[in-house]
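Down below is the structure, laid out as structure tokens.
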Amino acid sequence: MILSLDIRRLARGASLLVLVCGTAGAAAAQLVQDVPTVIVPPEPPITTAQSVFTRSRDVGVADRMLPAFTAQGTTVGAFDVFAGLSIGGLYTSNLFANNVDRRSDFAAVIRPELTVRTSSGPYQVAAYARGDIRRYARYTSENTEEGLVGLQGSVAVGPLSALTAGASYGTFITPRFAADSPINAAKPIEYNALNAYASGTIESASTRVIVRGDVANLRYRDTTDTAGGTLFTRDRDRTRYQLLVRAERALSPAVSIYGAGSVNTIDYRFATTGNRDSKGYGLYVGSSFEVTSLLRGDVRVGYIHQNFDLAGVKSLSGLGTLGKLVYFPNRLWTITATAESSIQDSGVPGTGGVLHRGGSLRADHELRRYIIWSTEVGYYRDTYRGIERRDRLPYVDAGLTYLSRNHWNARLGYRYLARDCTCAVGVTDFGDHRVSATLTFQN
């Protein structure tokens with residue numbers, strides 16, 4: 001997906017805020033998953049007051065963009081307009097994510113983007129639109145179009161307090177490598193996703209309280225199977241509601257501790273394989289810290305619990321954690337480590353949820369001011385409730401980005417995805433090597 005820098009930072013903040021289960025959003029969609037290449041400068045702050053909870057002593061290599069490398073934008077009245085277009089190619093060694101029947105192919109990829117936002121004031125409003133169009137050389141059944149539009153805004157209600165809300169709507173496809181992609185589908189499954197959130201932050205000199213509510217709604221479309229019949233996929237339709245409360249206290253300008261709690265409800269629209277609805281909660285304690293200019297992090301641990309209405313399925317509970325550590329050995333390197341243990345809802349028929357555990361390690365290196373090398377390795381394990389299935393999911397991601405002072409950039413990327421599944425018939429193991437080349441123009 002093509003995401004502007006400010007939207008990416010918002011997404012990162014949201015991922016640190018949502019504590020128990022994964023969102024019901026389009027997490028597997030190509031438009032959401034692909035590496036962003038359009039770089040929009042960050043929005044000006046809505047207040048000049050400095051929060052004691054801000055951790056910005058150093059900026060990571062991937063986020064450290066000079067104005068010459070970002071989109072310039074055009075001012076129209078009280079709004080700034082940023083447009084971008086990425087054109088590239090993709091090679092995949094295992095298009096259908098099936099080691100038994102490997103097929104390779106090349107695709108042309110076009111990704112337009114438009115962001116419109118307020119240029120100044122005690123409030124911020126941003127609207128955005130993204131697209132992803134793919135055309136394959138041999139297997140035209142895999143041709144896809146995805147789109148996403150959204151609106152978000154925030155307003156200051158005090159020197160450090162604010163109200164924030166946003167919504168987005170997208171039409172996506174489920175990639176062949178996704179956990180809930182059926183092997184007998186004649187083409188990738190299509191679905192629509194509506195996401196909305198609202199949050200409020202009340203902050204004083206050393207204390208803040210955050211309250212946030214999220215709702216996500218997914219609607220799938222039936223598709224054709226390989227035998228020419230109709231494949232019913234609407235049993236994946238679901239709506240997720242979640243509420244989070246976080247109370248935080250600063251012990252010093254560099255360290256804070258907090259407690260957080262969340263509740264969630266997941267409602268599936270159809271009960272073709274039984275009632276898959278569930279309810280859950282999480283309780284956490286954590287710390288946000290910045291140790292000199294070398295180390296920054298946000299780590300929390302706690303207890304997570306999910307009750308399933310599906311007959312014969314036991315509740316899922318245990319250790320819940322979400323952590324991120326960023327190490328700055330010098331100005332040319334940024335090392336990032338993440339770890340996660342959470343309960344997520346699932347579109348896989350017969351199950352109401354999945355225990356998602358794993359972590360990743362990433363290194364960003366500034367070879368030159370205008371050349372950035374990034375490498376990431378990760379491993380996750382998904383254990384499903386209600387069916388006998390465990391997925392081991394290793395991945396490797398690497399990329400070399402060239403940044404031009406004329407506000408364009410080029411990226412060469414490599415990604416390895418794999419699945420080793422202990423499960424019944426109907427799910428395939430796979431390993432897929434992907435190579436991409438992208439040229440991005442931005443204004």
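Here the structure is a predicted model, which means the values were calculated and not measured. Side-chain atoms are counted along with the backbone in the values below, which use heavy atoms only and exclude waters and symmetry mates.
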Evaluate Tyr395 against Glu376 for side-chain hydrogen bond (donor to acceptor under 3.5 Å, both in side chains), listing each step before the verdict. CA-CA 8 Å; Tyr395 72 91; Glu376 182 175 344; 2.6 Å; yes

Glu146 with Arg134: basic N within carboxylate O range, under 4.0 Å: no

Side-chain heavy-atom pair Arg212, Tyr197 within 4.5 angstrom cut-off: yes

Might you work through the ring pair (Phe, Tyr, Trp, His ring centres under 6.0 Å) test for His365 and Trp373, ending with a clear yes or no? CA-CA 5 Å; His365 180 45; Trp373 170 260; 9.4 Å; no

Rounded to the nearest 0.5 Å, what separation is found between the CG atom of Asp180 and the OH atom of Tyr220? 5.0 Å

Does this structure show an ion pair linking Arg238 with Asp267, if we count only N-O contacts that are shorter than 4.0 Å? no

Between Glu248 and Arg246 (salt bridge meaning N to carboxylate O under 4.0 Å), is one present in this structure? yes

Taking atom types as modelled, is there a side-chain donor on Arg176 or Thr92 under 3.5 Å from an acceptor on the other? no

Geometric class of the Tyr191/Phe172 ring pair [parallel <30°, tilted 30-60°, perpendicular >60°]: tilted

With sequence neighbours left out, write down each residue that passes salt bridge (Lys or Arg N to Asp or Glu O under 4.0 Å) with Asp277, or none if nothing qualifies. none

Rounded distance [0.5 Å steps], OG1 in Thr118 versus CZ in Phe79: 7.0 Å

N-O pairing of Arg415 and Asp397 below 4.0 Å: yes

For Arg369 and Phe69, run side chain to side chain contact (heavy atoms under 4.5 Å, CB included): C-alpha distance rounded to whole Å, both residues' side-chain angles, the deciding distance at 0.1 Å, then the answer. CA-CA 10 Å; Arg369 176 64 73 178; Phe69 299 146; 3.8 Å; yes

Check this for me, if you would: do Asp132 and Arg130 make a salt bridge, where the nitrogen-to-carboxylate-oxygen distance has to be below 4.0 angstrom? no

When you compare the side chain of Phe82 with that of Arg117, does any pair of heavy atoms fall below 4.5 Å? yes

Any side-chain donor paired with an acceptor under 3.5 Å for Thr164 and Gln152? no

Are the side chains of Val354 and Thr383 in touch, meaning some heavy atoms are under 4.5 Å apart? no

Rounded to the nearest 0.5 Å, what's the gap from CD on Gln242 to OG on Ser262? Could you check? 5.0 Å

With a cut-off of 6.0 Å (strictly less than), are more than 12 heavy atoms of other residues, nucleotides or ligands near CD1 of Ile202? no

Atom of Pro349, atom of Ile387 and distance for their closest heavy-atom approach: O-CG2, 4.2 Å

Rounded distance [0.5 Å steps], CG in Leu160 versus OG1 in Thr207: 11.5 Å

Electrostatic pair Arg55:Glu290 at N-O distance under 4.0 angstrom: no

Any side-chain heavy atom of Val285 sitting closer than 4.5 Å to one from Tyr258? no

Could you go step by step and tell me if Val61 and Arg331 meet the side chain to side chain contact (heavy atoms under 4.5 Å, CB included) rule? CA-CA 8 Å; Val61 168; Arg331 294 285 295 172; over 6 Å; no

Determine, stepwise, if the pair Tyr169 / Asn192 fulfils side-chain hydrogen bond (donor to acceptor under 3.5 Å, both in side chains). CA-CA 7 Å; Tyr169 179 81; Asn192 299 328; 3.2 Å; yes

Among residues at least two apart in sequence or on other chains, which ones pass salt bridge (Lys or Arg N to Asp or Glu O under 4.0 Å) with Asp382? none

List the residues meeting side-chain hydrogen bond (donor to acceptor under 3.5 Å, both in side chains) with Arg405, not counting sequence neighbours, and say none if there are none. none

Ring centroid separation for His356 and Tyr380, is it under 6.0 angstrom? yes

When you check the gap from the basic side-chain N to the acidic O, do Arg276 and Asp309 get nearer than 4.0 Å? no

Rounded to the nearest 0.5 Å, what separates atom OH in Tyr416 from atom CZ in Arg434? 12.5 Å

Check the pair Arg411, Thr37 against side-chain hydrogen bond (donor to acceptor under 3.5 Å, both in side chains), reporting the backbone distance first and the verdict last. CA-CA 8 Å; Arg411 185 181 190 276; Thr37 55; over 6 Å; no

Is it true that, when you exclude Tyr379 itself, more than 12 heavy atoms of the residues, nucleotides or ligands shown sit nearer than 6.0 Å to its OH? yes

Can you label the angle between the Tyr402 ring and the Tyr370 ring as parallel, tilted or perpendicular, going by 30° and 60°? perpendicular

Verdict with reasoning, Thr174 to Ser181, per side-chain hydrogen bond (donor to acceptor under 3.5 Å, both in side chains): CA-CA 6 Å; Thr174 301; Ser181 177; over 6 Å; no

